[in-house]
Amino acid sequence: MTRVAVLGAGITGVTTAYALAKRGVDVTLIERHRYAAMETSYANGGQLSASHAEVWNHKATLWNALKWMARRDAPLLLHPAPGWHKLSWFAEFLAAMPDYERNTIATARMAIAARAHLFAWAQAENIAFDHRRAGILHVYRDKAGFERAAGVSRLLARGGLQRRAVTRQEMRAIEPALHGDFYGGYYTDSDSTGDIHKFTSGLADACVRLGVACRFGQGVTALAREHGKVRVSVGDGVGEDSSVFDAVVVCAGTASRAMAAMLGDHVNVYPVKGYSITVQLDDAASQSAAPKVSLLDDATKLVSSRLGEDRLRVAGTAEFNGVNHDIRADRIRPLVRWVEQCFPCINTRKVIPWAGLRPMLPAMLPKVGPGKAPGVYYNTGHGHLGWTLAAATAEMVAEVVVASSSATSR
């Protein structure tokens, strides 16, 4: 039986381990934290959003980045300090701009494919993750933003996704709790929301039932090709150990770049920090005043998801500042203020802040498939769409690993 090490137990690593185990592969899941889903898969915006598949390689993104550089609370914050990693990433980002339409369409197709797998796995493994199929409403505060969204909708339609334009009156009918002056919106009824941490933790438990060996609390210290196989060295802060595997799948988020370098590959993942708040809806008035439909506010670049009856998750912003886990008050404050303005009857006394590093590749498409050396594979670089795409990319990489192993054994 083929022995495969999956590196990283966030949403991409756990779905990859599960997809491989379902195919009869001997899987070892290696994670530096004590539990699954403790970094970027801990408290994201919650949206399973094919309607958010537009890649960022567009002149509007560059204009906003330059316009907002002086604002500490800007939705997109580019730290001016230079660095080779940041410069090389942006050079590749600019080079990918001609592929904006093609990559947006490809992302939409992956997002749609991911739904069927994720929903089937949740049902088969009886995973409760506050899943809500109420759609996602994109809201626009001016005519220019609304009209630009029409072009994005046409691209999404080419990828197989239908989202419809709605008037202000229709927006109120879809989400009566929303306050504010909006021009119009776009509604995608096929999108949904859910708690990424609950899902990933539940699927990790399912992996154990399928025979996956989970090695938590062990960080990867070295990777090396050895006689056609891959040696993985790990440490727990006390001692080190190493094992040899037939193949390895790197699903390590922002750590994937360093791991790929050990294996002779260039995977230019950059850590783009995002923030979220979880508003505890502890009283009946707040629960009644909170939205039930997931929202994306284009002007503020914030999303919201209702998680069960007593939690509202609000997330967004993008901060290019290297590996930095600090939770900044000036970045959290706009999220709280958005809740108070759009849903003024929600009590914001109890708010839990969080920050996570999205693993982004310059072309905004994940790297899924083999590396240069035999036995080396990747499923990483999903950026802000890891929750949305992971089930599809896990199936894709599992198919490639199994096919390659079968060919090698013949």
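Below, each value reflects all heavy atoms present in this structure, side chains not excepted, and no hydrogens, waters or symmetry copies. If you're wondering where the values come from, they're calculated on a predicted model, not measured in any experiment.
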### Summary
Note: A289 and A177 closest approach over all heavy atoms is O-CB, 3.4 Å
### Shortest non-hydrogen separation from Y377 to S404 and the atoms involved
OH-CB, 3.1 Å
### Query
Are side-chain N/O atoms of R313 and T278 paired as donor and acceptor at under 3.5 Å?
yes
### Query
Listed by chain and number, what are the side-chain hydrogen bond (donor to acceptor under 3.5 Å, both in side chains) partners of H131, not counting sequence neighbours?
S192
### Query
Where do P271 and H85 come nearest, in terms of heavy atoms and distance?
CD-CE1, 4.1 Å
### Query
About how many Å separate CD of Q287 and CG of D282, when rounded to the nearest 0.5 Å?
8.0 Å
### Task
Take the angle between the ring planes of H197 and Y42 and call it parallel below 30°, perpendicular above 60°, tilted in between.
perpendicular
### Message
Would you say T193 and R132 are linked by a side-chain donor-acceptor pair, where the criterion is simply a distance under 3.5 Å?
### Response
no
### Query
Is the number of heavy atoms from other residues, nucleotides or ligands under 6.0 Å of R231 CZ greater than 12?
yes
### Task
Only pairs at least two apart or in different chains count here, so list each salt bridge (Lys or Arg N to Asp or Glu O under 4.0 Å) that has a residue in residues 355-379.
none
#### Entry: Y270 and F320: CA distance, side-chain angles, deciding distance, ring-ring contact (aromatic ring centres under 6.0 Å, His included) verdict
CA-CA 8 Å; Y270 191 87; F320 287 80; 5.8 Å; yes
### Query
Are the side chains of V4 and V401 in touch, meaning some heavy atoms are under 4.5 Å apart?
yes
### Query
Any side-chain donor-acceptor pair under 3.5 Å between E340 and T348?
yes
### Query
Are H179 and Q341 close enough that a side-chain donor and a side-chain acceptor fall under 3.5 Å?
no
### Within the 6.0 Å centroid threshold, strictly below: F146 and Y183
yes
### Query
Is the side chain of S41 donor-acceptor paired with the backbone N or O of I11 at a distance under 3.5 Å, no angle test?
yes
### Message
Please enumerate all residues that pass side-chain hydrogen bond (donor to acceptor under 3.5 Å, both in side chains) together with S256, with sequence neighbours excluded.
### Response
T380
### Task
Measure across Y187 and A134 and return the closest heavy-atom pair with its distance rounded to 0.1 Å.
OH-O, 2.8 Å
### Message
Is it the case that the side chains of H382 and T393 hold a donor-acceptor pair, with the cut-off being a distance below 3.5 Å and no angle test?
### Response
yes
### Query
For residues 203-222, which residue pairs qualify under ring pair (Phe, Tyr, Trp, His ring centres under 6.0 Å), counting only residues two or more places apart or in two chains?
none
### Task
Mind checking salt bridge (charged side-chain N to carboxylate O under 4.0 Å, His left out) for R311 and listing every partner two or more places apart, or none if nothing turns up?
D130, D195
### Message
Are I174 and V166 packed together at the side-chain level, in the sense that at least one heavy-atom pair is separated by less than 4.5 angstrom?
### Response
yes
### Task
Would you please say whether a donor-acceptor pair under 3.5 Å links the side chains of N347 and S286?
no
### Task
Return the set of residues passing ring pair (Phe, Tyr, Trp, His ring centres under 6.0 Å) with H266 (not counting sequence neighbours), or none when no residue passes.
none
### Message
For the backbone of R333 and the side chain of W338, can you confirm whether one donor and one acceptor N or O come within less than 3.5 Å of each other?
### Response
no
### Query
Are the side chain of R23 and the backbone N or O of A19 linked by a donor-acceptor pair below 3.5 Å?
yes
### Query
Do we see a donor-acceptor contact under 3.5 Å between the side chains of D297 and H138?
no
### Message
Just by distance, no angles: are the side chains of K273 and N321 close enough, under 3.5 Å, to form a donor-acceptor pair?
### Response
no
## Note on the structure
Residue set satisfying side chain to side chain contact (heavy atoms under 4.5 Å, CB included) with K229, at least two apart, ordered chain then number -> V244, D246
### Message
Consider side-chain contact (heavy atoms from CB on, under 4.5 Å). Of V248, D265, T12, V397, which one does Y378 pass it with?
### Response
D265
### Message
If we ignore hydrogens and angles and just use 3.5 Å, is the side chain of S243 paired with the main-chain N or O of V232 as donor and acceptor?
### Response
no
### Task
Decide if atom NE2 of H325 counts as having more than 12 heavy atoms of other residues, nucleotides or ligands within a radius under 6.0 Å.
yes
### Task
Kindly write out the residues that satisfy salt bridge (charged side-chain N to carboxylate O under 4.0 Å, His left out) with R306, not counting sequence neighbours, or none if the list is empty.
E309
### Query
With distance as the sole test, does S294 use its side chain to make a donor-acceptor pair with the main-chain N or O of S304 at under 3.5 Å?
yes
### Summary
d(N57 CG, T104 OG1) to nearest 0.5 Å is 8.0 Å
### Message
Taking the side chain as everything from C-beta on, heavy atoms only, tell me whether T388 gets closer than 4.5 Å to Q47.
### Response
no
### Task
Taking the side chain as every heavy atom from C-beta outward, state whether L178 and F343 have any atom pair closer than 4.5 Å.
yes
Please tabulate, for the side chains in residues 110-122, all donor-acceptor contacts under 3.5 angstrom to protein atoms that are two or more places apart in sequence or on a different chain.
unit_1 : atom_1 : unit_2 : atom_2 : d
R115   : NH1    : S190   : OG     : 3.3
R115   : NH2    : S190   : OG     : 3.0
R115   : NH2    : D191   : OD1    : 2.7

### Q162: partners by side chain to side chain contact (heavy atoms under 4.5 Å, CB included), with sequence neighbours left out
A157
#### Entry: R209, CZ atom: more than 12 neighbouring heavy atoms under 6.0 Å
yes
### Message
Does Q280 form a side-chain hydrogen bond (donor to acceptor under 3.5 Å, both in side chains) with D310? I'd like the steps, not just the answer.
### Response
CA-CA 6 Å; Q280 295 297 139; D310 62 353; 4.8 Å; no
### Query
Is S233 reaching over with its side chain to a backbone N or O of T221, donor-acceptor style, under 3.5 angstrom?
no
### Task
Start with the C-alpha gap between L155 and E54, add the side-chain angles, then the distance that decides, and say whether side chain to side chain contact (heavy atoms under 4.5 Å, CB included) holds.
CA-CA 8 Å; L155 287 180; E54 181 193 11; 5.9 Å; no
### Task
Go through the structure and list residues passing salt bridge (charged side-chain N to carboxylate O under 4.0 Å, His left out) with K292, not counting sequence neighbours.
none
### Task
Sort out for me which residue in L296, V152, T188 forms a side-chain contact (heavy atoms from CB on, under 4.5 Å) with S51.
T188
### Query
Are any of the side-chain heavy atoms of I127 and L203 separated by less than 4.5 Å?
yes
### Message
I'd like to check D298 versus V139 (side-chain heavy atoms, cut-off strictly below 4.5 Å). Are they in contact?
### Response
no
### Query
How would you list, by chain and number, every residue that makes a salt bridge (charged side-chain N to carboxylate O under 4.0 Å, His left out) with K143, sequence neighbours excluded?
E147
### Query
Going through the checks in order, is the salt bridge (charged side-chain N to carboxylate O under 4.0 Å, His left out) test met by E39 and R32?
CA-CA 10 Å; E39 289 199 26; R32 63 183 176 182; 2.6 Å; yes
### Task
In sequence, state the C-alpha distance, the side-chain angles, and the governing distance for M259 and C251, and then conclude on side chain to side chain contact (heavy atoms under 4.5 Å, CB included).
CA-CA 10 Å; M259 292 186 187; C251 307; over 6 Å; no
### Message
When you measure from the side chain of W354 to the backbone of N44, do you find a donor-acceptor pair of N or O atoms at a distance under 3.5 Å?
### Response
no
### Query
Any side-chain heavy atom of V250 sitting closer than 4.5 Å to one from L263?
yes
### Message
Using side-chain heavy atoms (C-beta onward) and a distance below 4.5 Å, is F90 in contact with P362?
### Response
no
